[in-house]
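Report on one structure; see the data block that follows.
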Number of protein chains: 2
Amino acid sequence: MKELKYSRQREAVKEALQTRFDHPTADALYQSLREKYPHISLGTVYRNLSLLTDTGSIRKISCGDGSEHYDYNVSDHYHFVCRECGKVMDLDIDLIRSLNDMAVGPDIGIVNFHSLIFYGYCRECYKKSLER
Amino acid sequence: MKELKYSRQREAVKEALQTRFDHPTADALYQSLREKYPHISLGTVYRNLSLLTDTGSIRKISCGDGSEHYDYNVSDHYHFVCRECGKVMDLDIDLIRSLNDMAVGPDIGIVNFHSLIFYGYCRECYKKSLER
DNA sequence: TTTCATGCAAACCTTTTGCAGGATA
DNA sequence: TATCCTGCAAAAGGTTTGCATGAAA
């Protein structure tokens with residue numbers, strides 16, 4: 001693996017992700033970074049996000065809404081996605097370590113990760129749906 | 001919701017998906033459908049896949065490899081994805097019904113689905129990796 | 001004959017990439 | 001100076017959509 005050099009942009013991406021807990025997409029991150037770094041490019045954001053993902057400093061969340069979301073919190077945890085507003089939230093559930101073992105079987109070599117995502121309606125959207 | 005009319009293409013999409021257990025992408029399905037229906041268009045495949053998904057006849061699997069996969073099996077079950085070859089496999093694990101209840105919390109309205117995907121290396125790719 | 005579906009191609013959106021110039025070590 | 005990184009813009013996937021035609025009810 002190639003040597004990493006310091007880069008202001010990479011630090012900015014990391015910091016921006018660290019300060020928000022809404023699991024932004026690359027573009028959302030880019031939009032907010034542009035306020036402080038008007039010349040940063042979307043390509044750079046993508047490049048650094050994938051670099052940071054590869055080194056394990058951040059994590060990618062695929063929740064099926066058409067774009068990847070990113071999470072500064074790399075400790076194993078689960079997410080909830082609102083089907084109405086698309087919000088991605090952290091859940092306060094203990095990791096179920098035994099799950100990976102349940103998956104082993106004849107066609108499976110090793111299991112080293114599982115992604116558990118819950119879907120439904122967040123409180124706010126659920127309330128709105130009742131008012132209709 | 002609009003009324004659905006019979007269409008040969010839609011039936012073909014459904015049937016093609018029913019006969020394969022590899023959770024194909026839209027394009028993979030399109031490629032195999034072309035053998036029997038050389039004039040079917042990719043747009044039609046996409047349109048029908050999303051129609052069938054909306055009506056609940058099939059299910060979409062977002063495993064984070066850049067494209068959606070489709071599953072004829074709509075009963076709740078879990079998947080395994082090989083990080084090497086990208087294969088998506090069904091797992092023979094009982095649905096953990098209690099999971100959805102664990103997700104409830106102050107910011108959450110209702111939880112009605114969860115997606116559990118395991119990642120690792122399939123038997124075949126794992127063996128190959130040991131030989132190196 | 002009304003409504004829905006199709007094929008085709010263009011448009012769209014997200015992500016990746018090539019390149020020449022700039023920053024870091 | 002060698003290597004890595006950036007901005008820019010173009011390209012590359014994957015998916016959606018507009019439109020004129022065709023099939024189903």
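Values in this document were obtained by computation on a predicted structure and should not be read as measured data. Chain naming here is simple, since letters A, B, ... match the order of the sequence lines and numbering starts at 1 in each.
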Rounded to whole Å, how long is the line connecting atom [atom1] of [X] with atom [atom2] of [N]?
| X | N | atom1 | atom2 | result |
| --- | --- | --- | --- | --- |
| A:Asn48 | C:dT17 | CG | P | 15 Å |
| B:Ile40 | C:dA5 | CD1 | P | 14 Å |
| B:Leu49 | D:dG14 | CG | C1' | 13 Å |
| B:Arg47 | C:dG7 | CZ | P | 9 Å |
| A:Asp54 | C:dT16 | CG | P | 10 Å |
| B:His39 | C:dA9 | NE2 | P | 13 Å |
| B:Leu52 | C:dA5 | CG | P | 11 Å |
| A:Lys60 | C:dT15 | NZ | C1' | 9 Å |

(message) Donor-acceptor pair, distance only, cut-off 3.5 Å: does the side chain of B:Asn100 make one with the backbone of B:Met102?
(response) no

(message) I'd like to know if the side chain of B:Arg59 reaches the main chain of B:Tyr72, judged simply by a donor and an acceptor atom lying under 3.5 Å from each other, with no hydrogens or angles considered.
(response) no

Between [X] and [Y], does any side-chain donor sit less than 3.5 Å from a side-chain acceptor?
| X | Y | value |
| --- | --- | --- |
| A:Asn73 | A:Ser75 | yes |
| B:Ser41 | B:Thr44 | yes |
| A:His77 | A:Asp92 | no |

(message) Among residues 9-31 of chain B, which ones have heavy-atom contacts with DNA chain C below 4.0 Å?
(response) B:Gln9, B:Arg10

(request) Could you check which residues of residues 62-74 of chain A get a heavy atom under 4.0 Å from DNA chain C? Sort them by number, please. (result) A:Gly66, A:Ser67, A:Glu68

(request) Quick one: sort the B:His114 and A:Phe118 rings into parallel, tilted or perpendicular, breaks at 30° and 60°. (result) tilted

(request) Measure the acute angle between the ring planes of B:His79 and B:His23, then classify it against the limits of 30° and 60° as parallel, tilted or perpendicular. (result) perpendicular

(request) Inspect the contact between A:Lys128 and A:Glu84 and indicate whether a charged nitrogen and a carboxylate oxygen are less than 4.0 angstrom apart. (result) no

(message) If the cut-off is 4.0 Å, is A:Tyr46 near the phosphate of C:dT16, judged by side-chain N/O to OP1 or OP2?
(response) no

(request) Ignoring backbone atoms, establish whether A:Thr44 has a side-chain N or O less than 4.0 Å from OP1 or OP2 of D:dG7. (result) yes

(request) Decide if atom CD of B:Gln9 counts as having more than 12 heavy atoms of other residues, nucleotides or ligands within a radius under 6.0 Å. (result) yes

(message) Classify B:Tyr6 by what it touches in the nucleic acid, base, sugar-phosphate, or nothing, heavy-atom distance under 4.0 Å.
(response) sugar-phosphate

(message) Please classify the nucleic acid contact of A:Leu42 as base, sugar-phosphate, or nothing, using heavy-atom distances under 4.0 Å.
(response) base

(message) Here's a test of your reading of the structure: between B:Ser7 and B:Ser50, which maps to the more 5' nucleotide of DNA chain D?
(response) B:Ser50

